[in-house]
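Reviewing the structure listed below.
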Amino acid sequence: MAYNVEKSDAEWREELDPDQFAVLRQAATERPWTGELLDEERSGVYTCAACNAELFKSGTKFDSGCGWPSFYESVRPEAVQLIEDNTLGMKRTEVRCANCGSHLGHVFPDGFGTPTGDRYCMNSVSLNFAPVKD
């Protein structure tokens, strides 16, 4: 798929720190309970750490108890790309930024008690947070 933002690995390495590069460009996963945005409770917007595209609104974030920031829907369906992921011996759905193709995490159909029933389980290092000014 062609993305609006396309860069070489060398360009991404220059712009991202090593942890961000591993997650965003190589589909690694940060350790649970370690992400800076896990306990973020302010109102605002979560954007892609690679290209700054808007991905999630704070009103859709919920405490799923999984150790990663969780959301029940993206800011717009077309903001994220969903891809079947059969790695690690399981069937999952990978979530990528639709603007630059960066790996964000996975979505699972176990967001119990949410309006959509989905749990977008995202890596903190794949996101930036912009608080809304009151």
Side-chain angles (χ1 to χ4, degrees):
M1 174 175 175
Y3 297 101
N4 292 332
V5 176
E6 292 195 14
K7 298 179 183 183
S8 68
D9 279 352
E11 290 171 309
W12 285 120
R13 282 184 194 279
E14 283 183 30
E15 294 180 20
L16 304 170
D17 70 37
D19 290 335
Q20 288 176 316
F21 184 82
V23 171
L24 290 161
R25 305 312 304 169
Q26 298 176 318
T29 301
E30 68 187 0
R31 290 178 305 146
W33 309 107
T34 62
E36 289 182 22
L37 297 175
L38 178 62
D39 297 319
E40 179 59 64
E41 295 181 359
R42 295 176 291 172
S43 294
V45 176
Y46 293 83
T47 61
C48 176
C51 73
N52 212 36
E54 288 190 359
L55 299 171
F56 301 97
K57 291 185 179 180
S58 59
T60 64
K61 188 173 189 264
F62 69 102
D63 182 3
S64 68
C66 71
W68 292 277
S70 298
F71 305 85
Y72 61 80
E73 68 184 353
S74 61
V75 69
R76 292 175 313 286
E78 64 274 10
V80 295
Q81 178 186 23
L82 305 179
I83 300 171
E84 186 174 310
D85 177 2
N86 295 310
T87 61
L88 304 177
M90 60 183 116
K91 185 176 181 179
R92 303 180 293 174
T93 303
E94 179 186 5
V95 180
R96 291 187 188 174
C97 173
N99 193 52
C100 71
S102 290
H103 173 80
L104 305 170
H106 290 85
V107 62
F108 302 95
D110 61 3
F112 305 113
T114 68
T116 63
D118 290 331
R119 174 175 56 97
Y120 285 80
C121 183
M122 303 292 100
N123 292 282
S124 279
V125 299
S126 69
L127 303 172
N128 289 324
F129 177 72
V132 172
K133 296 180 175 138
D134 296 328

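- Under the salt bridge (charged side-chain N to carboxylate O under 4.0 Å, His left out) criterion, R92 pairs with D85, sequence neighbours left out.
- The side chain to side chain donor-acceptor pair (under 3.5 Å) search around E84 returns N86, not counting sequence neighbours.
- In this view, E40 and R42 satisfy the salt bridge (charged side-chain N to carboxylate O under 4.0 Å, His left out) rule, not counting sequence neighbours.
- Remark: N4 pairs with N99 by the side chain to side chain contact (heavy atoms under 4.5 Å, CB included) rule, at least two apart or across chains.
- By the salt bridge (charged side-chain N to carboxylate O under 4.0 Å, His left out) test, R25 pairs with no residue at all, sequence neighbours left out.
- Taking the side chain to side chain donor-acceptor pair (under 3.5 Å) definition, one finds that S124 meets it with nothing, sequence neighbours left out.
- With sequence neighbours excluded, the residues satisfying side chain to side chain contact (heavy atoms under 4.5 Å, CB included) with L82 are V80, T93, V95, V107, Y120.
- Pairs engaging residues 15-24 under the side-chain hydrogen bond (donor to acceptor under 3.5 Å, both in side chains) rule: K7-E15 [sequence neighbours left out].
- E30 is linked by a salt bridge (charged side-chain N to carboxylate O under 4.0 Å, His left out) to nothing, counting only residues two or more places apart in sequence or in another chain.
- For R31, the side chain to side chain donor-acceptor pair (under 3.5 Å) criterion is met by no residue, not counting sequence neighbours.
- Qualifying side chain to side chain contact (heavy atoms under 4.5 Å, CB included) partners for A28, counting only residues two or more places apart in sequence or in other chains: A22, V23.
- Residue pairs that meet the salt bridge (charged side-chain N to carboxylate O under 4.0 Å, His left out) test with at least one member in residues 55-78, sequence neighbours left out, are R76-E78.
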